[in-house]
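Everything on this sheet refers to the single structure shown next.
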Amino acid sequence: MVAPREGTSQELEAAVQEEEDAGHMQADLEQEELEPRLRDTPEDISFEAAANTIAFHPSQDILAAGDVDGDVYVYSYSCLEGGNRELWSSGHHLKSCREVSFSHDGHKLFTVSKDKSIHILNVEEGRLVTRFSKAHSSALNSLLVIDDHLFATGDDGGMLKVWDLRKGTDIMEMRQHEEYISSMAIDENKKLLLTTSGDGTMGVFNIKRRRFELLSEPQSGDLTSIALMKRGKKVVCGSSEGTIYLFNWNGFGATSDRFAVKAESIDCMVPVTENVLCTGSIDGVIRAVNILPNRVIGSVGQHLGEPIEQLAKSHTGQLLASSGHDQKVKFWDISSLRSMVVDDYRKRKKSGQLKALSCKALGGREDFFADMREEAEAPKEEQEEESDSVDSN
């Protein structure tokens, strides 16, 4: 019987090398599984109650949220899978937190509540720095940080107050609106403060001279939101009836233009560029809208079947965050909107679905099957009506 021939040293070395290579490949695969996946946007943040308000930090990847229970949360966010982290939370408010806003230097967080109080918190630790316990006689609804020392608040009764932190009290108090103050904006010179109200009017206040200037003519429905566009030459207001109203700067008495996006409402808005803004509605859809020419460009994203409470833009301009009644804060990639150009050709008839402007929007690059666990149909494209007047400025 002939004994089997033993393998040569070269054959043995090749076998060992092959085994080592297989081991390295397995280790690499295991390492890849351990490393977090990089996403286009941060993961959703879920809360125990619906978040009324959200705000991005002016220079860091930090987001603050206030909910209907009065709790305030501050998160760091990341596009790495599992990268979102709660930094701290605060339960100082006794009732719903209606608005949060960071100071311009990012060191303080301002919050206002239905319990009529204003809180100023240290961002790094969440420590309460200043409290105005009975700041208004009615529930507070809106907040605007003006500069390092001044901020403004508006309440459910239509009262506007401007506060000076150096004096520790309000320096201006005016009630010109008959209903709640929904939103506020200020010009680049920090001179004119604009307010929108549930009475359908826009208010103009000179905070340098501490005087009331005028109210616009009333519009149908509540004015819910406000933004300055076109390098401050245009004031854009959203309404509860889904109409966008445009005012010329220094032409605050009457609208210069208006158009309907045929959403059920426009509850919140945030400018993305000088020409494009995003709107949130009770139907849960986030629409990108071009101003002059007036167009609904498409859908950035959605909270399926749930009203959207607030929108915010990140300090880099790459991300949009939205809070809805689904008790989630969602993130959307809006980088493509910054280079979008809309021509002046007016299409009179449109049909079909809203164009998807992000991969997570229904009909986007990831298709809508991932988002259709609960909803069967993508939202139909909303058609804007012809503007009531022609405005090309």
Side-chain angles (χ1 to χ4, degrees), residues 41-79 83-93 96-104 106 108-114 119-121 123 126 140-145 151 182-185 224-227 238 266-272 277-282 284-287 300-303 306-334 358 360:
T41 60
E43 294 173 298
D44 297 349
I45 300 175
S46 297
F47 296 91
E48 294 182 2
N52 285 322
T53 173
I54 51 176
F56 279 104
H57 191 279
S59 60
Q60 300 178 41
D61 292 345
I62 292 174
L63 178 130
D67 70 18
V68 294
D69 290 338
D71 296 322
V72 176
Y73 298 87
V74 171
Y75 276 79
S76 63
Y77 60 89
S78 170
C79 288
N84 295 339
R85 184 167 59 92
E86 181 182 324
L87 301 180
W88 54 264
S89 62
S90 167
H92 290 293
H93 285 303
S96 176
C97 178
R98 296 275 189 82
E99 193 87 45
V100 296
S101 182
F102 286 94
S103 60
H104 293 170
K108 298 175 183 176
L109 181 69
F110 293 72
T111 68
V112 298
S113 170
K114 186 179 178 181
H119 290 175
I120 303 175
L121 304 164
V123 170
L140 282 155
N141 190 63
S142 57
L143 163 72
L144 178 70
V145 176
F151 68 97
S182 56
S183 185
M184 295 183 282
T224 58
S225 46
I226 190 168
I266 298 171
D267 297 329
C268 52
M269 62 171 58
V270 61
V272 177
L277 54 80
C278 288
T279 66
S281 173
I282 198 171
V285 179
I286 304 167
R287 293 169 175 83
V300 170
Q302 61 286 313
H303 289 249
E306 297 289 347
I308 294 172
E309 284 290 339
Q310 198 164 42
L311 300 172
K313 184 179 70 170
S314 69
H315 66 95
T316 63
Q318 299 277 343
L319 296 174
L320 182 79
S322 59
S323 62
H325 286 199
D326 55 6
Q327 302 179 12
K328 292 180 180 179
V329 170
K330 296 188 173 188
F331 297 86
W332 314 95
D333 182 2
I334 56 170
S358 75
K360 295 198 297 182

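Side chains are part of it too, since the values below use all heavy atoms of this structure and drop only hydrogens, waters and symmetry mates. Residue indices begin at 1 and follow the sequence shown.
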Hey, could you give me the CZ/CG distance between Arg85 and Asp61, rounded to the nearest 0.5 Å?
-> 12.0 Å
Flag the pair Pro42 / Leu319 as yes when at least one side-chain heavy-atom distance between them is below 4.5 Å, and no otherwise.
-> yes
Where do Phe102 and Val145 land on the side chain to side chain contact (heavy atoms under 4.5 Å, CB included) test, with the steps shown first?
-> CA-CA 8 Å; Phe102 286 94; Val145 176; over 6 Å; no
Name all residues meeting the ring-ring contact (aromatic ring centres under 6.0 Å, His included) criterion together with His325; count only those two or more places apart in sequence or in a different chain, and write none if there are none.
-> none
Please name the pair of heavy atoms, one in Ser182 and one in Asn141, separated by the smallest distance, quoted to 0.1 Å.
-> CA-ND2, 3.7 Å
Ignoring hydrogens and geometry, is there a side-chain-to-backbone donor-acceptor pair from Glu99 to Val112 under 3.5 Å?
-> no
Can you name the side chain to side chain donor-acceptor pair (under 3.5 Å) partners of Thr111, sequence neighbours left out?
-> His93
Lys114 (side chain) donor-acceptor with Gly70 (main chain) under 3.5 angstrom | no
Taking all non-hydrogen atoms of both residues into account, name the closest pair between His92 and Ser90 and its distance.
-> CD2-OG, 2.7 Å
Closest non-hydrogen contact found for Gln60 with Tyr77 is O-OH, 4.1 Å
Are any non-hydrogen side-chain atoms of Leu121 and Trp88 less than 4.5 angstrom apart?
-> yes
Here the gap from Cys97 atom SG to His119 atom NE2, rounded to the nearest 0.5 Å, amounts to 9.5 Å
What do the steps show when you test Asp267 against Ile282 for side chain to side chain contact (heavy atoms under 4.5 Å, CB included), and what is the final call?
-> CA-CA 7 Å; Asp267 297 329; Ile282 198 171; 3.8 Å; yes
Which atom names give the shortest non-hydrogen contact between Val123 and Leu109, and what distance separates them?
-> CG2-N, 3.7 Å
Within a radius of less than 6.0 Å around CD of Glu48, do more than 12 heavy atoms belonging to other residues, nucleotides or ligands occur?
-> no
Atom NZ in Lys330, atom CG in Leu311: separation rounded to 0.5 Å?
-> 13.0 Å
Please determine, by modelled atom types, if Asn52 and Arg98 share a side-chain donor-acceptor pair under 3.5 angstrom.
-> no
Side chain to side chain contact (heavy atoms under 4.5 Å, CB included) partners of Ser78, counting only residues at least two apart = Leu80
State, yes or no, whether a side-chain contact exists between Phe47 and Ser323 at a heavy-atom distance under 4.5 Å.
-> no
Evaluate the side chain to side chain contact (heavy atoms under 4.5 Å, CB included) criterion for residues Ser101 and Phe151: first the C-alpha distance (whole Å), next the side-chain angles of each, then the deciding distance (0.1 Å), finally the verdict.
-> CA-CA 10 Å; Ser101 182; Phe151 68 97; over 6 Å; no
Does Glu43 offer a backbone N or O that forms a donor-acceptor pair with the side chain of Asn84 under 3.5 Å?
-> yes
Under 3.5 Å, side chain of Thr41 to main-chain N/O of Trp332, donor-acceptor pair present?
-> no
For the residue pair Pro58 and Ser103, what are the closest heavy atoms and their distance?
-> CG-O, 3.7 Å
Checking His303 side chain against Glu306 main chain: does a donor-acceptor pair fall under 3.5 Å?
-> no
What distance do Ser314 atom OG and Leu63 atom CG have between them, rounded to the nearest 0.5 Å?
-> 10.0 Å
For the pair His315 and Phe56, evaluate ring pair (Phe, Tyr, Trp, His ring centres under 6.0 Å) and give the outcome as yes or no after the intermediate values.
-> CA-CA 7 Å; His315 66 95; Phe56 279 104; 7.9 Å; no
Between the CD1 atom in Ile266 and the OG1 atom in Thr224, the distance rounded to the nearest 0.5 Å is 7.0 Å
From CD (Gln318) to CD1 (Ile334), nearest 0.5 Å | 8.0 Å
Heavy-atom nearest pair, Lys360 first then Asp44, reads NZ-OD1, 4.3 Å
Please walk me through it: do Asp71 and Ser89 pass side chain to side chain contact (heavy atoms under 4.5 Å, CB included)?
-> CA-CA 7 Å; Asp71 296 322; Ser89 62; 6.0 Å; no
Looking at side-chain heavy atoms only, is the closest gap between Tyr75 and Val329 below 4.5 Å?
-> no
Say whether, by atom type as modelled, one donor and one acceptor occur between the side chain of Ser76 and the main chain of Ile62 under 3.5 angstrom.
-> no
Does Asp67 use its side chain to pair, donor to acceptor, with the backbone of Asp69 at less than 3.5 Å?
-> yes
